Number of protein chains: 2
Amino acid sequence: MSDQDKLNTFLRKYIPLGNVEDFVESFDVVRKLNKKEFLLEPGQACSYLAFVNKGTFRVFFYDNAGTEVTVWFSFPGMMIGDLLAFFQDSRAIFYVQAVEDGEVRIIAKSKLEELYLKNPEYLQFGRKYAEYVSVNVMQRMLSLQTLSAEERYLELLANPNYMQRIPLKYLASYLGITDTSLSRIRKNIV
Amino acid sequence: MSDQDKLNTFLRKYIPLGNVEDFVESFDVVRKLNKKEFLLEPGQACSYLAFVNKGTFRVFFYDNAGTEVTVWFSFPGMMIGDLLAFFQDSRAIFYVQAVEDGEVRIIAKSKLEELYLKNPEYLQFGRKYAEYVSVNVMQRMLSLQTLSAEERYLELLANPNYMQRIPLKYLASYLGITDTSLSRIRKNIV
DNA sequence: GAATTTTCTTGCCATATGGCAAGAAAGAAA
DNA sequence: TTTCTTTCTTGCCATATGGCAAGAAAATTC
């Protein structure tokens, strides 16, 4: 499946009927990133979203103690960005970084808003995508609220995306634990 | 401020310009609930949202171990409902319960969708509200992921809504800890 | 206001997770 | 390959949170 097709498939989830060609075309900036390179850093304007063509990306920040906290991962066929800032129209709070060499296609928020005005179906996309994000974040919130670290790790194990290519220390902070603890949990499971 | 005005103020946050009268009128079912009464129970159709006129409401469920887990609270001027189900068009997963005597105004999802079709500005509401929910849930997720139970409790302390009227055992499960632990944390702080 | 129910606290001890530092293993660079 | 860097594991011990049960306190009901 071509990159274009992947984006098409993604948009079709939210816009089942109708033409999405000008939407696809509005993702008009392609950016290649090397492993560990930043797509975005805190303080920058982040008035855009990116669609992952290739590679794995992560969103992270440094907490008050200076510890790196991974907030989110994105895999090919998904969007990536600092959604907290994007939705609030603020400057970036997070880093967005390539976990491995990768490529994204970018759409500016201004373009997105033009599309919203042009076509109510595209506006439906805006709503449905935000609803989709809500649902995802709620599920992760619930898992942090109610499951043990081991149970959360087992959830990740069920998704092959997480188990290849991603250093365990990133997964540990994503799970809300230290890499030391994750190492012990893994030892316990096998 | 009248209940009508409260709802108006709420909607204006998302629809700053333009007329919201028919939107307000679509919240056309008023329901009074006694303390501990359920607005919604798991398995029911939950194709509506409620706006809190009076009282405090909470969303909760029973986890695998049979322990009650409070997922969310809503106070006057806010919406309440099983958003996970609402956004996914599924049957209710959660209980929605009055923490104290209260009153809500309800809008059916079907009405909401009529409004979306009628007026693109209302569709903007749908998008912005979902974005607002995303931001809120993300912030809570981050606090669960990165803060200690004590730090999370201190965050709640900063919001007067939580510190009146809500039994500590509900707050404890909202924080992801047992009521016993919350009791000890409180003892430690004072 | 007495009785009943619900909520909150506390003691004792168990388990989960963290902090640090050393070394092993794996991966990247030369 | 060899070297260098990054990541992962482990031991020792500390801290955070949980489980249970009893009693205290508060709220509700009669």
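As the structure is a computational prediction, the values presented were derived from the model and not from experiment.
- Rounded to whole Å, atom C1' of D:dA16 lies 16 Å from atom NZ of B:Lys187.
- When distances run from any side-chain atom of B:Thr178 to the nucleotides D:dT17, D:dG19, D:dT7, the shortest one goes to D:dG19.
- Listed candidates were C:dT17, D:dT17, D:dA27. Nearest to the side chain of B:Lys35 is D:dA27.
- Nucleotide D:dT7 holds its P atom 15 Å from the CZ atom of A:Arg186, rounded to whole Å.
- Panel note: side chain A:Asp82, backbone A:Phe94; a donor-acceptor pair is recorded below 3.5 Å.
- Atom CD of A:Glu150 and atom P of C:dA16 are 8 Å apart (whole Å).
- Taking atom OH of A:Tyr153 as the reference point, atom P of C:dT17 lies 14 Å away to the nearest angstrom.
- Taking atom CD1 of A:Ile185 as the reference point, atom P of C:dT15 lies 16 Å away to the nearest angstrom.
- Ring pair A:Phe60/A:Phe38 is tilted by interplanar angle, where 30° to 60° counts as tilted.
- Among the protein residues, B:Thr180 comes within range of the nucleic acid bases, having at least one heavy atom under 4.0 Å from a base atom.
- Going from atom CZ of B:Arg184 over to atom P of D:dA16 covers 13 Å, rounded to whole Å.
- Note that A:Lys109 lies in the cation-pi zone of A:Phe86, set by a 6.0 Å cut-off to the ring centre and a 45° limit from the axis.
- For A:Lys36, a side-chain nitrogen or oxygen approaches OP1 or OP2 of D:dT7 to under 4.0 Å.
- A straight line from CD of B:Glu151 to P of D:dA16 spans 10 Å, rounded to a whole angstrom.
- With rounding to whole Å, B:Leu147 atom CG is found 17 Å from C:dT17 atom P.
- Nucleotides of DNA chain C nearest to B:Ser181 and B:Lys169 differ in position, and the one nearer the 5' end is that of B:Lys169.
- Of the residues A:Thr70, A:Thr67, A:Asp179, the one that meets the side-chain hydrogen bond (donor to acceptor under 3.5 Å, both in side chains) test with A:Ser173 is A:Thr70.
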